[in-house]
Amino acid sequence: RVVAPVVPNAKKATSAQPTQTPNKQPTPTPVPVWRAVEPNEAEALAWYRRAVELGDAPSAARLGFAFERGQFGLEPNDAEAVRLYRIAAEAGDVDAALALAHLLDEGSDVERDEAAALEFFRTAAEAGNAAAACDLGARLAGYLEGFGGEKDEAEGLRWLRRSAELGFGTASFILGS
């Protein structure tokens with residue numbers, strides 16, 4: 001039990017009495033930085049590139065996403081997205097590992113590499129990413145047409161169950177089909 005110290009002749013603070021000292025001004029609410037400056041995509045792109053050069057994995061992932069989607073005035077470039085996602089994924093960025101796995105699996109503008117895709121799905125799934133666990137499970141269990149990689153139905157079902165336990169609805173749907 002915590003007991004408040006007793007101070008002789010001290011008055012209790014009420015809602016009518018301010019609790020701050022008389023000389024102290026209230027702290028102003030800071031204006032968020034994102035509202036204090038005008039957006040500048042070219043400058044943002046330059047900062048992301050510099051951060052990647054310095055080894056910042058989240059910046060590599062964000063820049064990879066920009067190349068994949070054609071943001072910041074960039075032309076979509078899956079090869080560059082794969083390069084950047086790989087940097088981030090190898091540094092432990094789970095979302096980058098999942099994005100990389102999808103690009104390698106699809107092989108749209110990059111050479112398709114199902115074995116590498118499976119490993120990056122596995123990396124993200126082992127880190128607790130429910131979507132990656134579903135993707136990995138569906139591929140291993142043979143539920144995706146066109147995936148010619150490794151098959152292991154028992155392991156695939158384990159990953160699908162894990163994904164469903166993590167609350168991923170698609171895995172629940174696949175398991176119920």
Atom of [X], atom of [Y] and distance for their closest heavy-atom approach:
| X | Y | result |
| --- | --- | --- |
| A133 | W159 | O-CB, 3.5 Å |
| L140 | G156 | CB-CA, 3.7 Å |
| A88 | A96 | CB-CB, 3.5 Å |
| A60 | L84 | O-CB, 3.4 Å |
| A57 | D93 | O-OD2, 4.4 Å |
| F168 | A130 | CB-CB, 3.8 Å |

Kindly work out whether a path of hydrophobic side-chain contacts (I/L/V/M/F/W/Y, heavy atoms less than 4.5 Å apart) joins Y85 to V94. no

Cluster overlap V110 with F65, hydrophobic side-chain contacts below 4.5 Å: yes

Output side-chain donor-acceptor pairs under 3.5 Å for residues 70-77, partner residues at least two apart or in another chain, one line each.
| unit_1 | atom_1 | unit_2 | atom_2 | d |
| --- | --- | --- | --- | --- |
| Q71 | OE1 | R62 | NH1 | 2.8 |
| Q71 | OE1 | R62 | NH2 | 3.0 |
| N77 | OD1 | A79 | N | 3.2 |
| N77 | OD1 | E80 | N | 3.0 |

Residue of the set L136, D113, D105, L104 for which side chain to side chain contact (heavy atoms under 4.5 Å, CB included) holds with L118: L136

Show your reasoning for whether salt bridge (charged side-chain N to carboxylate O under 4.0 Å, His left out) applies to E155 and R122. CA-CA 11 Å; E155 184 184 1; R122 188 180 313 278; 2.5 Å; yes

What about the rings of F120 and H102, do their centers lie closer together than 6.0 Å? no

Calculate, to the nearest 0.5 Å, the distance between atoms [atom1] and [atom2] belonging to [X] and [Y] respectively.
| X | Y | atom1 | atom2 | result |
| --- | --- | --- | --- | --- |
| R86 | L103 | CZ | CG | 10.5 Å |
| C134 | R139 | SG | CZ | 9.0 Å |
| T123 | F121 | OG1 | CZ | 11.0 Å |
| L100 | R83 | CG | CZ | 12.5 Å |
| S163 | I174 | OG | CD1 | 8.0 Å |
| D109 | E68 | CG | CD | 10.5 Å |

Regarding E153 and R158, does a basic nitrogen lie under 4.0 Å from an acidic carboxylate oxygen? no

Could you walk me through whether L160 and Y143 pass the side-chain contact (heavy atoms from CB on, under 4.5 Å) test, one step at a time? CA-CA 11 Å; L160 285 167; Y143 294 154; 3.6 Å; yes

Within 6.0 angstrom of E53 CD, more than 12 heavy atoms from elsewhere: yes

